[in-house]
Amino acid sequence: MTKLLLRRRQWLKASLHAPVMWSGGAAALSGCLTGWKPSVSKERLSRPAPRPEELLAAMTLDEKLGQMTQADVKALRMHENDIAELGLGSVLNGGDSLPRPNTPEAWADQYDKVQSRALNSRLGIPLIVGTDAVHGHALVKGAVAFPHNIGLGAAGDAALVQEVARITAKEVAGTGIDWIFGPCVAVARDERWGRTYESYSEDSALVAKLGAAVVKGFQTDDLSASSSVLACAKHFLGDGGTTAGVDQGNAQVSEEELRRVHLPGYIEAIKAGVGSVMISYSKWNDVPMHINADLITGLLKGELGFTGFVVTDWEAIDRMGLPYDKAVALSLNAGVDMVMAPNRYRRFIEVARALVKAKQVPVSRIDDAVLRILRQKQALGLWQRPMVDRSLTREVGSAAHRAVGRRAVQASLVVLKNEGVLPLKRQARILVAGRKADDLGAQCGGWTVSWQGRKGAVTTGTSILAGLQQVAGAGNKLTFSVDGEGGEQADVVVAVVGEEPYAEGRGDRKNLSLRKDDRALLDRLRQSGKPMVVVLLSGRPLILDEVIQHAQAVVAAWLPGTEGAGVADVLFGDVAATGKLPFTWPANMNQIPINAGDAKSEPLFPLGFGLA
Ligand code: BGC
Ligand code: BGC
């Protein structure tokens, strides 16, 4: 059968018989990559893409299952032979699986290395490599970190968000990567959720509008262009609707609410051509989303006509509390096409093989999954341009890209209060106070150079303090004090306070009050008797209590990313404040969850609030 096909298909013949060039000798054979240089024969580079149906017909069951498997690049580090041996379809880098040194060039080298492994497999099907560039390609040191989605929601400008997405795609493509796990079209309905900042808004319409803009910015009109990348709308469905805002929790809502609140983002993303969708860890009324055939096959692929492929979340099949083989069968039969099995990818392939052999998962389902994946690979033009376009690598973190970041920061700021202190005067004696004023890591938040993010000088950029100094200009009378000493000598004090970096469930909080050290800082500054501007760095509305009374101005800066000068541009009035609240701002914890339209007590600020 395979032989017959081979005779008929020239391309396949070429790929099977082309000389495979290994340059790593024993190292390559042992699977240890030290010193191994990517090497792929000319025939395997820049080939016309075979038709997915032809490829499928040539694939063994194991190759099909390999194609459906996504492994983590760190787990593969000592086992890179597995890529070709298992015919893996995809590789991702988890948030803490980063090349060393963490430079754009090292990322690009890593890409070429794993990709050349795949090109040297029997069928030479290229990998699709994915990453979490969820606010720019911010896991890469030196890349631009844009405001997290909550800030872009405050900007509310689809054209700007599309531009941000375009730059993100270029930086991602500059490291070779083909696929971004975004946009996150979660509609966060409870601020206790640690992923609130990944949500553009509590308002589904705004989420849908901006999510679609991101899909266009990532994929463009020509997915095969070298700076286009595949988008992934996530996390399907209802991730932002879990009870009490528990990450990976249970969304106990009616089908009417599930569709009305949480579905519009997917409808618009599909209209914009999104090539993939990631399933949510969460449950809908006690049923894990990963096994919900009605929603994945019925609603997403059927009713909404989604033709791309569906990927699981990280080890999601392992986390459902079901025996693994049962969980695999249910997920695949529910419509999952690719399994993110970062570490135990071999186990997935073995279990899936047994399930197919036992007829618990039909071959037709496997074939459908593989075709969906191959079609996106074909649309990406991976056969024609499997290796990194190094001209893009040089552009990562460029001044032009940073300028877009700075504009995004300007547009994202929401002025909550201003009693005549803003704009700041350049000649004024300004005391800038608080550790976070000079902390790139804090202003970038999670998913920056690591999964959880970290305080300190984690990457290249402009801190809020540096931005203020820069924009205030030569001869300014700006001083900085971590603990707020010296307010008495100033005309005005600017305090930067807020949250410290976190990601996902580690950011779930029962109490959203300001931290103790921040409150102490504000108290000290208040004693100076000078007008006070509070700049809040946070992934969500915080409970402001007396802050809002004691400060003369309060500005929500969210998690602005690396371009801190954008904050100064607005504080000094060079750029008008235009941001509007993408979330209802609760007055106290008892009000949470509170969303526009709830018949509840008065929030501190309503959705859409923002002073000019
Ligand atoms: C997150 C996803 C992310 C994936 C890969 C998961 O923990 O829920 O949003 O895309 O990891 O890093
Ligand atoms: C990875 C993340 C992933 C998370 C899920 C981390 O180790 O770096 O990418 O989202 O695990 O638990």
Side-chain angles (χ1 to χ4, degrees), residues 134-138 142-168 171 197 200 210 397-416 418 422-424 426 430 432 434 436-445 448 457-473 476 478 480 494-498 533-539 553-582 610-612:
V134 299
H135 65 136
H137 200 7
V144 182
F146 290 98
H148 270 293
N149 288 353
I150 192 168
L152 297 179
D157 178 346
L160 173 70
V161 169
Q162 187 168 334
E163 218 182 325
V164 166
R166 190 81 283 284
I167 303 295
T168 303
E171 299 215 340
Y197 67 74
Y200 296 104
L210 300 184
S398 73
H401 292 182
R402 292 188 187 279
V404 177
R406 183 166 174 174
R407 275 200 281 126
V409 175
Q410 295 162 355
S412 70
L413 301 191
V414 180
V415 178
L416 297 173
N418 182 21
L422 293 179
L424 297 174
R426 282 189 157 79
I430 302 169
V432 181
K436 294 184 188 78
D438 196 24
D439 188 332
L440 269 181
Q443 74 191 46
C444 286
T448 310
V458 295
T459 186
T460 313
T462 308
S463 73
I464 292 179
L465 173 68
L468 285 165
Q469 278 159 338
Q470 184 188 316
V471 174
N476 69 69
L478 209 124
F480 173 54
V494 176
V496 182
V497 296
V533 178
V534 174
V535 175
L536 202 61
L537 290 177
S538 67
V554 179
V555 178
W558 315 111
L559 298 168
T562 47
E563 305 317 303
V567 175
D569 293 330
V570 171
L571 293 188
F572 281 109
D574 293 356
V575 175
T578 52
K580 304 285 177 232
L581 284 182
L611 300 174

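- T462 OG1 to L440 CG: the interatomic distance, rounded to the nearest 0.5 Å, is 7.5 Å.
- Shown here for A408 and L160, the closest heavy-atom pair between the two residues is CA-CD2, 4.0 Å.
- Paired with E563 under the rule side chain to side chain donor-acceptor pair (under 3.5 Å), one option of R402, R406, H401 passes, and it is R402.
- Side chain of Q443 to backbone of G561: a donor-acceptor contact under 3.5 angstrom is found.
- Once rounded to the nearest 0.5 Å, the distance linking OG of S463 with NZ of K436 reads 14.0 Å.
- The nearest pair of heavy atoms linking V432 to A437 is CG1-CB, 3.7 Å.
- Residues C444 and A145 share a closest heavy-atom pair of SG-CB, 3.9 Å.
- The one candidate from T168, T448, N149, T562 that meets the side chain to side chain donor-acceptor pair (under 3.5 Å) condition with H135 is T448.
- Of all heavy-atom pairs between P147 and S412, the closest is CG-OG, 4.4 Å.
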*Might you work through the side-chain contact (heavy atoms from CB on, under 4.5 Å) test for L416 and L581, ending with a clear yes or no?*
CA-CA 9 Å; L416 297 173; L581 284 182; 3.9 Å; yes
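- The distance from the CG atom of L611 to the OG1 atom of T578 is 12.0 Å, given to the nearest 0.5 Å.
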*Assess whether side-chain contact (heavy atoms from CB on, under 4.5 Å) is satisfied between V404 and F146, documenting all intermediate values.*
CA-CA 9 Å; V404 177; F146 290 98; 4.1 Å; yes
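- Using a 4.5 Å heavy-atom cutoff, the side chains of W558 and V414 are in contact.
- Side-chain contact check for L537 versus V497: every heavy-atom pair is 4.5 Å or farther apart.
- Contact detail for L478 and A472: the closest heavy-atom pair is CD1-CB, 4.1 Å.
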*Let me see the working for L422 and V555 under side-chain contact (heavy atoms from CB on, under 4.5 Å), right down to the final yes or no.*
CA-CA 10 Å; L422 293 179; V555 178; 3.8 Å; yes
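- Screening Q410, R407, Q470 against D569 for a side chain to side chain donor-acceptor pair (under 3.5 Å) leaves a single residue, Q410.
- A distance of 4.0 Å separates CZ in F572 from CD1 in I430, rounded to the nearest 0.5 Å.
- Heavy-atom minimum distance, V415 versus A577: CG2-CB, 3.6 Å.
- Taking 4.5 Å as the limit, every side-chain heavy atom of I464 sits out of range of all side-chain heavy atoms of V494.
- Within the 3.5 Å criterion, the main-chain N or O of G156 finds no donor-acceptor partner in the side chain of K580.
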*Can you check side-chain contact (heavy atoms from CB on, under 4.5 Å) on L413 and V567, steps first, answer last?*
CA-CA 7 Å; L413 301 191; V567 175; 4.3 Å; yes
